[in-house]
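Take a look at the structure set out below.
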Amino acid sequence: MAQVGSRRLTADIFADSHRISTQMALRGRVLSDILNDTSTSYLELDIAYVSRIDHPGEILADYALSIVRKDRLSFVVIASGVEMALKQNQTTYIFRRQWPVFITVPYFEITGQIEAPANIDLRALMATGVERFVPVYNATASLSMNQAIQFSGELILINKTSIEVMCIGDKSSQ
Amino acid sequence: MATILVIDDDLDLQQMLRLMLQRGGYKVITTGDGPDGLVKAKTLKPDMAIVDVMMPGMNGYQVVRKMREDPELAGMVILILTARAQTVDREAAIAAQADDYMPKPFAPNELLAKVSELMENRSTTQGPARKTVGVFSLRGGVGVTSVAVNLALAFQAKNLPTCLIDLKSGPGHVALQLRLNAKITWIDWANGNEATSDSVIKALTKHDSGLEVMAAPIVPAAIVPPLDRVTTMINALQGKFARVVIDLPGAWGPIAQAAIGSADTIWLVLAPEVGSLQSTVGALRALKTSKIADEKIELIANQNTSRPGLALPAIEKALGHGFKGKLPYDENQGPALGQGAPLLLSQPESPLAAAIKALV
């Protein structure tokens with residue numbers, strides 16, 4: 001059944017200590033292209049609702065004009081509307097498969113699935129030359145110190161420069 | 001025809017909601033911002049409000065809190081509809097005292113089903129203004145639990161849907177006094193993964209009288225639940241029941257303070273003896289320090305032994321606070337506790353039961 005929602009993309013942008021919820025009019029582009037665009041270091045937001053990480057449900061304030069330094073944000077959660085965040089059906093000659101992934105960034109652990117060739121090369125995956133943000137599908141970010149605080153989405157775009165550890169494959173033990 | 005007020009700054013979505021709800025048989029009023037929504041709610045008195053969260057200036061949680069603070073709007077059904085779709089956002093919606101929460105995007109049928117369910121619940125819980133009473137003492141053994149149990153039963157006997165929360169972290173005695181075998185306690189719920197209003201309701205245990213009980217564990221809790229879960233639970237129950245009675249912990253900790261902050265009235269129970277008097281002085285000072293309004297505090301004297309104690313007028317003079325109620329010694333109370341048959345049900349004309357009934 002068709003879903004009813006906004007035409008704008010709702011995204012939760014996470015810096016080390018704050019959650020910024022925003023609704024973005026992308027004007028024909030997808031969010032990952034905007035984030036990976038090296039011609040600008042900033043992401044301008046039409047409106048920002050600011051919460052602290054320890055009370056992420058509570059809105060501290062909203063601001064009509066704000067700007068985010070792309071290199072300082074950790075990750076962006078897209079709860080739904082992945083088609084507005086990432087180009088779909090990119091043609092490739094290399095067989096790609098889904099890999100379970102565990103990633104740490106400051107204060108958060110992120111689990112989900114990444115798409116990569118069968119002979120995965122982690123160094124290539126972490127290279128920041130073309131794509132600064134790595135897409136993780138069906139992902140959950142948990143606050144390391146309080147696992148009850150979680151953010152899930154169809155997609156989480158993680159800033160490669162914030163990644164501390166990336167583990168690929170199924171975990172073998174608890 | 002029921003009227004629904006839609007408060008959402010997304011004009012496209014506003015129009016879609018209007019069409020959907022009109023097809024569902026509702027009259028719809030729309031507005032794009034919180035302050036105007038409050039004015040329309042006051043003047044047009046809709047049956048329900050659907051409120052977006054991310055609105056500039058006044059966000060949806062602020063709108064809901066303002067509505068709940070206003071006695072004229074406090075009973076209105078409120079559904080939060082938001083693209084902030086995380087578990088913490090659901091908890092925030094319930095903490096703001098919305099009746100329910102729905103994430104965007106949503107299917108039209110799901111929204112209509114939710115609206116219909118909330119309107120049905122409203123018709124069963126509508127009635128006198130809702131009220132929460134916290135029953136409290138810093139002195140153990142003065143009969144706080146017995147007073148709370150009989151007070152809750154007195155509300156229920158007046159056909160006011162009532163919930164009794166045993167907020168001890170263990171061992172709690174409400175379930176024992178009502179001979180209830182609670183499978184889930186509030187500690188279980190608060191330490192669990194789900195924090196929805198539905199999950200709070202599912203954690204209740206129903207007594208034959210119709211009273212719903214949120215039980216405390218028998219074994220003291222090893223892990224104290226997060227404080228926001230306590231307020232979420234109380235807010236959810238306040239939204240569902242005409243009366244909520246809280247058997248408060250006997251220590252001045254964060255859980256007791258949060259629950260006291262959520263209550264409309266505090267029944268401060270004391271027995272006429274020196275230890276209880278001293279504890280009551282301490283409790284009154286603690287309440288004052290926490291800026292709990294004096295009007296919220298009602299002193300209840302509970303003569304829980306046959307031995308004559310301090311004179312009540314002397315206690316009133318010492319505390320500078322008059323008694324709201326004076327509960328007499330009742331020889332039937334001991335056997336009632338032993339049988340798990342509270343006096344309000346087993347002997348409603350007994351002196352203690354009659355005195356509590358006179359106070360509600």
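What you are looking at is a predicted structure, and each value in this text was computed from that prediction instead of being measured. A note on names: the letters A, B, ... follow the listed sequences, proteins ahead of strands, and every chain is numbered from 1.
Taking CZ of B:R84 as the start and CZ of A:F151 as the end, the distance is 8.5 Å to the nearest 0.5 Å. Atoms CD and OG, on B:Q86 and A:S51 in that order, are 11.5 Å from each other to the nearest 0.5 Å. Taking NZ from B:K104 and CD from A:Q23, the interatomic distance works out to 6.0 Å, rounded to the nearest 0.5 Å. Within the model, atoms CD1 of A:I149 and CD of B:E91 stand 8.5 Å from one another, a figure rounded to the nearest 0.5 Å.
The most heavy-atom pairs under 4.5 Å with chain A, out of B:D12, B:L81, B:D228, come from B:D12. Taking B:R90, B:M55, B:M54 one by one and counting their heavy-atom pairs under 4.5 Å with chain A, the maximum is reached by B:M54.
Look at B:D89 and A:R19 and you find a salt bridge, because one of the NZ, NE, NH1 or NH2 atoms lies within 4.0 Å of a carboxylate O, short of that distance.
Within a 6.0 Å radius of NZ in A:K160, more than 12 heavy atoms belonging to other residues, nucleotides or ligands are found. Residue A:R72 qualifies as open at atom CZ: its count of foreign heavy atoms under 6.0 Å is 12 or below. Atom CZ of A:R52 has 12 or fewer neighbouring heavy atoms from other residues, nucleotides or ligands inside a 6.0 Å radius. Atom OH of A:Y107 is surrounded by 12 or fewer heavy atoms from other residues, nucleotides or ligands within 6.0 Å. Heavy-atom neighbours of A:E44 CD from other residues, nucleotides or ligands within 6.0 Å: at or below the threshold of 12.
Annotation for A:I47 and B:P56: closest pair CD1-CB, 3.5 Å, computed over non-hydrogen atoms. The shortest non-hydrogen separation linking B:A92 to A:G57 is CB-O, 3.4 Å.
The contact between A:S80 and chain B is made entirely by side chain atoms (from C-beta outward), counting heavy-atom distances below 4.5 Å.
Under the 3.5 Å distance criterion, the side-chain polar atoms of A:Y49 are left unmatched by any main-chain donor or acceptor of B:V53. The backbone N or O of B:G57 sits less than 3.5 Å from a side-chain atom of A:D62, completing a donor-acceptor pair.
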Could you go step by step and tell me if A:I59 and B:Q62 meet the side chain to side chain contact (heavy atoms under 4.5 Å, CB included) rule?
CA-CA 9 Å; A:I59 296 173; B:Q62 291 171 313; over 6 Å; no
